S.K.: 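Got a structure here, written out as structure tokens. Questions coming.
Every value quoted in this text rests on a predicted model; they were computed, and no experiment measured them. When a ligand or atom number is given, it counts from 1 through the structure's own listing order.
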Amino acid sequence: DAAASQKRWDLSDFDIGKPLGRGKFGHVYLAREKRSNHIVALKVLFKSQLQQSQVEHQLRREVEIQSHLRHPNILRLYGYFYDQKRVYLILEYAARGELYKELQRCKFFSERRAATYVASLARALIYCHGKHVIHRDIKPENLLIGAQGELKIADFGWSVHTFNRRRTMCGTLDYLPPEMVESVEHDASVDIWSLGILCYEFLYGVPPFEAMEHSDTYRRIVQVDLKFPPKPIVSGSAKDLISQMLVKESSQRLPLHKLLEHPWIVQNADPSGIYRG
Ligand SMILES: CC(=O)N[C@H]1CCN(c2c(Cl)cnc3[nH]c(-c4cn(C)nc4C)nc23)C1
């Protein structure tokens with residue numbers, strides 16, 4: 001609420017619980033705000049590491065953006081504080097954990113589950129683009145699952161921290177559209193491309209341009225070398241949607257509002273954005 005986002009927080013406001021996971025710059029802990037008993041995820045980042053990687057300004061920008069985004073499919077940032085050595089981000093706690101672990105466990109999702117997730121991500125991206133925020137960097141590692149089974153984009157932290165480094169230094173190229181691997185300027189349509197990659201990965205269990213070597217992935221992306229394996233069996237309608245999103249010319253990609261009207265989404269996505277199995 002408004003009061004919470006203005007309040008000056010400090011560590012004594014929280015009971016710290018178990019570690020939930022760790023990223024490059026620190027750990028994420030389950031925590032409970034003492035006065036309200038509200039459960040949150042407390043992300044602890046080490047200033048020393050942020051300084052080493054020159055990401056402080058990016059962290060400030062992303063905290064600024066994230067704290068103003070309010071959408072059921074975007075993980076809330078309630079506030080932040082810092083001490084001598086660390087920066088603390090007070091984040092919404094997603095009770096059912098990380099989507100990529102669920103995808104690894106299931107190998108791939110049903111068309112109804114995939115379409116439900118893709119539709120809710122499209123709505124979250126339409127909301128972001130409406131606020132001139134792009135690049136929410138939607139890959140499975142940045143998606144969490146809320147208590148009701150709804151998807152939460154939880155990307156603002158690591159992905160942006162590694163924005164420059166990840167694109168050039170390490171991590172996966174798989175989700176980058178041609179204009180980014182060729183490092184020309186890009187716009188909101190990069191998110192349509194990444195959502196197309198994600199839709200493919202939900203249905204097949206692997207991203208479409210995966211290869212052993214970066215150079216091969218790079219080539220497959222810029223050539224849009226899109227192939228659909230015979231297994232698992234996927235409907236033509238799903239392939240049609242993916243083919244309309246993974247288009248080299250960014251202006252020709254299916255706009256997100258048109259995605260929500262695509263027959264595959266209309267026939268398979270649960271309107272509530274919740275996959276009930
Ligand atoms: C890079 C990064 O921050 N990744 C993860 C770590 C935990 N974190 C969470 C964040 Cl930031 C928010 N909510 C979470 N819920 C969980 C979680 C729940 N279960 C049952 N298991 C887990 C794990 N994790 C989070 C984001």
S.K.: Is there a heavy atom in E92 that sits closer than 4.0 Å to ligand 1?
M.R.: yes

S.K.: If only side-chain N and O atoms count, and only distance matters, is there a donor-acceptor pair under 3.5 Å linking Q267 with S237?
M.R.: no

S.K.: Looking only at N/O atoms, are K101 and ligand 1 under 3.5 Å apart anywhere?
M.R.: no

S.K.: Testing K152, R76, R70 for salt bridge (Lys or Arg N to Asp or Glu O under 4.0 Å) with E92, which one passes?
M.R.: K152

S.K.: Counting only heavy atoms not in K34, do more than 12 sit closer than 6.0 Å to its NZ atom?
M.R.: yes

S.K.: Among side-chain atoms of Q51 and S48, is any donor-acceptor pair under 3.5 angstrom?
M.R.: no

S.K.: Looking at OG of S250 and CG of D191, how far apart are the two atoms once the value is rounded to the nearest 0.5 Å?
M.R.: 12.0 Å

S.K.: Could you check which of G97, A94, A41 puts a non-hydrogen atom nearest to atom 22 (C) of ligand 1?
M.R.: G97

S.K.: Measuring centre to centre across the rings, with the benzene-like ring taken for any Trp, is Y88 within less than 6.0 Å of F81?
M.R.: yes

S.K.: I'd like to check which ligand 1 atoms, numbered from 1 as shown, lie under 4.0 Å from a non-hydrogen atom of L91.
M.R.: 11 (Cl)

S.K.: So between N142, L20, L89, whose heavy atom ends up nearest atom 25 (C) of ligand 1?
M.R.: L20

S.K.: Taking non-hydrogen atoms only, is A154 closer than 4.0 angstrom to ligand 1 via side chain, backbone, both or neither?
M.R.: neither

S.K.: Which of the atoms of ligand 1 are close to G21, meaning less than 4.0 Å from one of its heavy atoms?
M.R.: 6 (C)

S.K.: To the nearest 0.5 Å, what is the distance between CD (E179) and CD (E249)?
M.R.: 8.5 Å

S.K.: Counting from 1, what ligand 1 atoms have a heavy atom of K43 closer than 4.0 Å?
M.R.: 3 (O)

S.K.: Looking at non-hydrogen atoms alone, which of R22, K152, E141, E98 comes nearest to atom 4 (N) of ligand 1?
M.R.: E98

S.K.: Taking both backbone and side-chain atoms of L144, is any N or O found less than 3.5 Å from an N or O belonging to ligand 1?
M.R.: no

